[in-house]
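First up is the structure itself, then whatever we jot down about it.
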Amino acid sequence: MKSKLLMICMGTLVALSSCLKEQEVIFVSFEEQMAIDLEILDEYLADNNITAQTDPSGLRYVIREQGNGPTPELTGTVRVGYEGTLLNGDVFDSNEGTSFQLNNLIEGWQIGIPLIQEGGDITLYIPSGLAYGPQGIPGFIPANANLIFTIQLMEVTN
């Protein structure tokens with residue numbers, strides 16, 4: 001009886017391990033994923049006739065209004081209105097006015113928001129490594145998702 005039970009357990013284990021191999025996740029380095037992301041973002045921008053500026057980090061952005069107030073510092077607080085979308089146009093988050101400490105936000109925002117001043121308006125095209133990376137946010141943002149944020153910088157407190 002014990003040998004039959006052992007054989008059933010071993011067979012189940014082999015079957016499960018073969019299923020896991022089929023769904024094996026392949027991880028790439030940050031640099032490799034960034035190269036993939038930038039190719040996708042650049043294709044998206046070209047397909048949509050968008051001329052964006054490029055930050056050395058890989059962030060792509062379009063300043064729609066520079067603003068004329070103070071520029072936020074990394075340790076400052078910003079009040080923003082924003083909409084976040086995936087490249088397919090699905091909106092995953094939006095807010096008409098909320099405050100954040102800039103250094104608590106994703107790296108794409110930390111780089112992009114200081115490019116404008118209070119009263120400014122910017123669209124950020126963020127590679128996944130400057131957003132939520134390979135983990136994403138389950139149920140909202142897929143792993144390695146490139147994101148688009150339109151942001152209105154309403155108030156800066158440094």
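- Looking at heavy atoms from C-beta onward, L41 lies in side-chain contact with L87 at the 4.5 angstrom threshold.
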Is there a side chain to side chain contact (heavy atoms under 4.5 Å, CB included) between L86 and L147 once you walk through the steps? CA-CA 5 Å; L86 302 175; L147 306 177; 3.6 Å; yes
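- Counting non-hydrogen atoms of neighbouring residues, nucleotides and ligands closer than 6.0 angstrom, the CG atom of D47 exceeds 12 such neighbours.
- Between N103 and Q110, the closest heavy-atom pair is O-NE2, 3.2 Å.
- Within 6.0 Å of CD on Q135 lie more than 12 heavy atoms contributed by other residues, nucleotides or ligands.
- At a threshold of 4.5 Å between side-chain heavy atoms, the hydrophobic network of Ile, Leu, Val, Met, Phe, Trp and Tyr places F100 and I137 in one connected group.
- The CD atom of E83 sits 10.5 Å away from the CD atom of E96 when rounded to the nearest 0.5 Å.
- Counting heavy atoms from C-beta on, the side chains of R60 and D42 come closer than 4.5 Å.
- A 6.0 Å sphere centred on CD of E43 holds no more than 12 heavy atoms belonging to other residues, nucleotides or ligands.
- Side-chain contact between L38 and P127: present, with at least one pair of heavy atoms (C-beta onward) separated by less than 4.5 Å.
- The distance from atom CD1 of I106 to atom CD1 of I141, rounded to the nearest 0.5 Å, is 7.5 Å.
- No side-chain heavy atom of T75 sits less than 4.5 Å from a side-chain heavy atom of N158.
- The residue from L130, I36, D37 that alone fulfils the side chain to side chain contact (heavy atoms under 4.5 Å, CB included) condition with N146 is D37.
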Give the C-alpha distance, both sets of side-chain angles, the deciding distance and a yes or no for side chain to side chain contact (heavy atoms under 4.5 Å, CB included) between T51 and V62. CA-CA 7 Å; T51 303; V62 175; over 6 Å; no
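- Considering OH of Y132 and CD of E107, their distance stands at 12.5 Å, rounded to 0.5 Å.
- By the 4.5 Å heavy-atom criterion applied to side chains, Q33 and P134 are not counted as neighbours.
- L74 is connected to L153 through a chain of hydrophobic side-chain contacts under 4.5 Å among Ile, Leu, Val, Met, Phe, Trp and Tyr, so both are in one cluster.
- Side chains of V78 and W109 form no contact here, defined as non-hydrogen atoms less than 4.5 Å apart.
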Give the C-alpha distance, both sets of side-chain angles, the deciding distance and a yes or no for side chain to side chain contact (heavy atoms under 4.5 Å, CB included) between Q152 and R64. CA-CA 10 Å; Q152 300 79 42; R64 295 183 311 197; 3.9 Å; yes
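- Between Q66 and L115, the closest heavy-atom pair is NE2-O, 3.1 Å.
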T123 vs I148, side chain to side chain contact (heavy atoms under 4.5 Å, CB included): CA-CA, chis, key distance, verdict: CA-CA 7 Å; T123 300; I148 302 170; 3.8 Å; yes
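- Side-chain heavy atoms closer than 4.5 Å link hydrophobic residues (I, L, V, M, F, W, Y) into clusters, and following such links, even through other members, never connects Y82 to M154.
- Not less than 6.0 angstrom separates the ring centroid of F149 from the ring centroid of Y61.
- Counting heavy atoms from C-beta on, the side chains of L102 and T77 never come closer than 4.5 Å.
- Inter-residue side-chain proximity for I151 and I113 is flagged as met; some heavy-atom pair is nearer than 4.5 Å.
- Considering all non-hydrogen atoms of both residues, I111 and P114 come closest at O-CD, 3.6 Å.
- Residues L59 and S57 share a closest heavy-atom pair of N-OG, 3.3 Å.
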